[in-house]
There are 2 protein chains.
Amino acid sequence: MNIGDVARASGVSAKMIRYYETIGLIPPAERSESGYRNYDDNDVHRLRFIRRARDLGFTVEQMADLLALWRDRSRASSEVKKIALQQVAVLERKAEELKAMSRTLKHLAAHCHGDERPDCPILDDLADAAADPGKAPEPARFGPGGIDPVRVRS
Amino acid sequence: MNIGDVARASGVSAKMIRYYETIGLIPPAERSESGYRNYDDNDVHRLRFIRRARDLGFTVEQMADLLALWRDRSRASSEVKKIALQQVAVLERKAEELKAMSRTLKHLAAHCHGDERPDCPILDDLADAAADPGKAPEPARFGPGGIDPVRVRS
DNA sequence: CCTTGACCTTCCAACGGTTGGAAGCTCCAT
DNA sequence: ATGGAGCTTCCAACCGTTGGAAGGTCAAGG
């Protein structure tokens with residue numbers, strides 16, 4: 001199988017497959033005479049593994065850990081569990097932060113007339129809310145020393 | 001005020017203030033004779049605005065929009081509301097995705113013994129779950145054509 | 001006055017994960 | 001044999017942020 005085939009079969013783009021190879025997440029693929037990468041079902045399997053782990057929010061580093069555990073089945077499942085539960089905690093915390101942000105914004109938007117009047121409290125809050133960190137008018141606080149912002153992929 | 005003062009007062013690092021200046025999010029600061037940037041309370045105010053908007057998950061582009069609206073108070077509040085509600089929708093969607101990921105992982109971890117036995121279903125699921133996209137054994141699905149992964153800041 | 005240390009300046013690089021493009025080669029079908 | 005799809009490598013950009021190096025400036029203390 002060529003890289004395009006595995007890409008389609010695994011859901012990981014050819015670009016990313018090459019990238020994962022360069023960073024060492026996957027071992028270098030065998031090459032044909034002409035230099036094309038050759039893959040088999042095992043590789044597809046592993047790439048599906050990666051794809052799924054990535055979609056579950058694991059970092060490349062964590063994926064490397066999981067792949068190592070997967071490769072060596074004699075290892076303790078407790079390690080896998082530990083990694084997974086760590087990830088659960090991270091995901092839940094991030095979800096809570098997003099919810100809090102959403103709540104704040106929704107609250108602010110609710111007081112916005114939505115007509116041509118220029119007195120929308122959203123801007124005032126954005127401008128004034130952080131004036132006295134610790135005394136927030138709204139539920140969600142993200143002041144100094146607060147919660148990490150969240151980066152999302154468009 | 002020097003850049004360090006505004007940085008402390010606004011919660012935006014000096015590095016980021018300079019960066020925001022280079023990308024045009026904020027106008028170039030006035031300089032002293034020696035080349036130091038000079039700021040006043042207004043700048044602190046604006047940077048707090050930015051800080052808060054950033055923490056609420058707005059992109060730099062959206063922040064630029066909001067700042068423009070803030071600057072020109074005669075504009076309709078409906079625009080502000082629109083931007084805010086768009087952001088609410090994005091945040092809620094992302095929060096749901098995170099919850100779904102978390103649910104899947106927690107479910108998988110619950111079937112992991114956590115002892116020395118190597119048969120942890122997490123790895124098997126990661127390896128096999130995506131085998132037939134569309135027929136998932138677990139609640140959360142992130143197959144091809146599915147939901148965007150989430151990037152988080154460590 | 002001179003040194004010290006904290007502050008400022010610019011520039012350059014890297015992070016992580018992904019995508020895009022350019023230039024050139026190979027494979028397969030017509 | 002010619003075209004087009006697919007492969008190769010390399011290089012750059014995206015986002016927001018952080019770090020460092022090399023150098024100039026300020027205020028205080030000896």
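Numbers restart at 1 for each chain; the letters A, B, ... are given by sequence-line order, proteins then strands.
Within the nucleic acid shown, A:T59 comes within 4.0 Å of sugar-phosphate atoms alone, with no base atom in reach, counting heavy atoms only. Among the heavy atoms of the strands lying under 4.0 Å from A:R37 are primed sugar atoms or P, OP1, OP2 only; no base atom is included. As judged by a 4.0 angstrom heavy-atom cut-off over every strand, A:I23 is placed among residues making no nucleic acid contact.
An OP1 or OP2 oxygen of C:dT19 is reached within less than 4.0 angstrom by no side-chain nitrogen or oxygen of A:Y19. A sub-4.0 Å separation between OP1 or OP2 of D:dT9 and a side-chain N or O of A:R31 is present. The shortest distance between the side-chain N/O atoms of A:R51 and the OP1/OP2 oxygens of C:dG17 is not below 4.0 Å. The shortest distance between the side-chain N/O atoms of A:R18 and the OP1/OP2 oxygens of D:dC10 is not below 4.0 Å.
Across all non-hydrogen atoms, the minimal contact from B:S102 to A:V88 is OG-CG1, 3.7 Å. Summarising the geometry of A:I50 relative to A:I26, their closest heavy-atom pair is CD1-CG2, 3.5 Å, with the distance given to 0.1 Å.
For the pair A:I17 CD1 and C:dG17 C1', the computed distance is 15 Å after rounding to whole Å. Computed from coordinates, the A:D5 CG to C:dT26 P distance equals 19 Å when rounded to whole Å. Rounded to whole angstrom, the span from the OH atom of A:Y39 across to the P atom of D:dG6 amounts to 16 Å. When rounded to the nearest whole Å, the span between OH of A:Y36 and C1' of C:dC27 equals 6 Å. Whole-Å rounding puts the A:E21 CD to D:dT9 P distance at 8 Å. Between the CD atom of A:E33 and the C1' atom of C:dC27 there is a distance of 13 Å, given to the nearest Å. Residue B:M63 contributes atom CE, which lies 11 Å from atom C1' of D:dC15 at whole-angstrom precision. Distance CD (A:Q62) to C1' (C:dG17): 14 Å, rounded to an integer number of Å.
Classification of B:R52 and B:D55 as a salt-bridged pair fails, no side-chain N sitting under 4.0 Å from a carboxylate O. Between B:K99 and A:E92 there is no salt bridge, since no side-chain N of the basic residue sits under 4.0 Å from a carboxylate O of the acidic one.
Taking the side chain of B:R54 as heavy atoms from C-beta on, and the options D:dT17, D:dT8, C:dT9, the nearest nucleotide is D:dT17.
To the nearest 0.5 angstrom, A:F58 atom CZ is 5.0 Å from A:L66 atom CG.
The residue among A:S34 and B:S13 whose nearest nucleotide of DNA chain D is located toward the 5' end is A:S34.
A donor-acceptor contact under 3.5 Å is formed by the side chain of B:K15 with the base of D:dG20.
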